[in-house]
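All of these numbers come straight from a predicted model, not from anything done at the bench.
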Amino acid sequence: MGFRNALMLGMLTVAPIRLKNFAALQPGFTLIKNGRTWLVTAHESAVKNGTSITLELPEDLALFVDIYLASVRPQLLGKNISEALWLNWYGKEMTEHAIYLRFVKFTRRLLGRSINPHLLRDCAATTLAMDSPSSAFAARGLLGHKRFSTTDKYYIHAQQLEASRRVNELLAALMVNGRK
């Protein structure tokens with residue numbers, strides 16, 4: 001279970017798709033082997049805004065997908081039959097709600113703070129925006145938005161964070177100068 005949970009965190013960190021699409025991943029259908037890596041896909045009919053998504057996992061993470069599919073998932077599946085990528089202890093498909101609850105619980109234990117799966121979408125967009133203005137535009141594609149304005153309005157918090165850091169720097173400089 002720990003391996004599965006860590007893989008969930010890794011995959012949602014680099015491929016921050018909506019929970020509905022994440023829960024619906026199926027090897028060979030929406031999780032597709034592509035050479036030494038994997039593609040995470042969501043067909044337009046399954047995506048909120050009707051725009052298909054294709055994201056590539058880094059090779060390092062793809063190795064863990066290979067291990068999960070070859071060793072961990074078959075153990076979880078047992079004698080059951082399921083096309084779902086994410087299986088529970090009983091070898092049954094995990095629902096969106098079950099993944100959400102499990103995710104919040106194991107991130108609290110692992111990181112000391114609960115993180116819900118959707119927060120990783122914010123983190124990805126904000127991280128790209130903090131890297132550079134041109135990277136901020138890449139967040140639109142990563143999140144599968146049709147318009148950058150959606151990404152900017154709801155997901156990118158870099159301006160707020162950067163402004164907070166700048167204020168802290170200025171205050172620190174004032175304190176240092178004031179003591180001289």
**Request:** Decide side-chain contact (heavy atoms from CB on, under 4.5 Å) for F103 and L12; before the verdict, give the C-alpha distance in whole Å, the side-chain angles of both, and the deciding distance to 0.1 Å.
**Result:** CA-CA 11 Å; F103 204 89; L12 276 174; 3.8 Å; yes
All heavy atoms of V14 vs all of P58, minimum pair found to be CG2-CD, 3.8 Å
message = With a 4.5 Å cut-off on side-chain heavy atoms, are K92 and L87 touching?
response = no
Just do the side-chain contact (heavy atoms from CB on, under 4.5 Å) check on L110 and L9 with the steps written out, would you? CA-CA 10 Å; L110 184 65; L9 178 59; 3.8 Å; yes
* **L7 and L61, any side-chain heavy atoms less than 4.5 Å apart** => yes
For A84 and P27, the nearest pair of non-hydrogen atoms, with its separation, is C-CD, 4.3 Å
Would you indicate whether the side-chain heavy atoms of T107 and N116 approach each other to under 4.5 Å? no
Near K33 NZ, under 6.0 Å, is it more than 12 heavy atoms from other residues, nucleotides or ligands?
-> yes
Inset, instruction - Determine whether I32 and L85 fall in the same hydrophobic cluster, where Ile, Leu, Val, Met, Phe, Trp and Tyr are linked whenever their side-chain heavy atoms lie under 4.5 Å apart. - result: no
In this structure, CZ of R18 is separated from NE2 of H118 (nearest 0.5 Å) by 6.5 Å
For A62 and T37 the tightest heavy-atom approach is CB-CA, 3.6 Å
- With no hydrogens and no angle check, is any side-chain donor or acceptor of R102 less than 3.5 Å from a backbone partner on N5? no
In this structure, CZ of R36 is separated from CG of L57 (nearest 0.5 Å) by 14.5 Å
Value for CG (L39) from CG (L31), rounded to nearest 0.5 Å, stands at 8.5 Å
All heavy atoms of P16 vs all of L120, minimum pair found to be CB-O, 3.9 Å
*Would you please classify the geometry between the F3 ring and the F64 ring as parallel, tilted or perpendicular, with 30° and 60° separating the classes?*
tilted
Check this for me: does any side-chain nitrogen of one of E96 and K20 sit under 4.0 Å from a carboxylate oxygen of the other? no
To the nearest 0.5 Å, atom CE of M94 lies from atom CG of L76 at 9.5 Å
Value for CZ (F22) from CE (M8), rounded to nearest 0.5 Å, stands at 5.5 Å
| request: Without swapping roles, check the side chain of R109 against the backbone of V104 for a donor-acceptor pair under 3.5 Å. | output: no
### Query
Run the side-chain contact (heavy atoms from CB on, under 4.5 Å) check on M1 and F106 step by step: do they pass?
CA-CA 10 Å; M1 301 316 267; F106 81 75; over 6 Å; no
| said: Could you tell me if the side chain of V40 sits less than 4.5 Å from the side chain of T30, heavy atoms only? | reply: no
Output for pair (L25 CG, E93 CD), nearest 0.5 Å, gives 10.5 Å
Ring centres of Y68 and W86 under 6.0 Å apart?
yes
Can you get from F29 to L77 by hopping between Ile, Leu, Val, Met, Phe, Trp and Tyr side chains that sit under 4.5 Å apart?
no
- So, N34 side chain and W38 main chain: donor-acceptor pair closer than 3.5 Å or not? no
Margin query: Using a 6.0 Å cut-off, check whether atom CD of Q26 has over 12 heavy atoms from anything other than its own residue.
Written below: yes
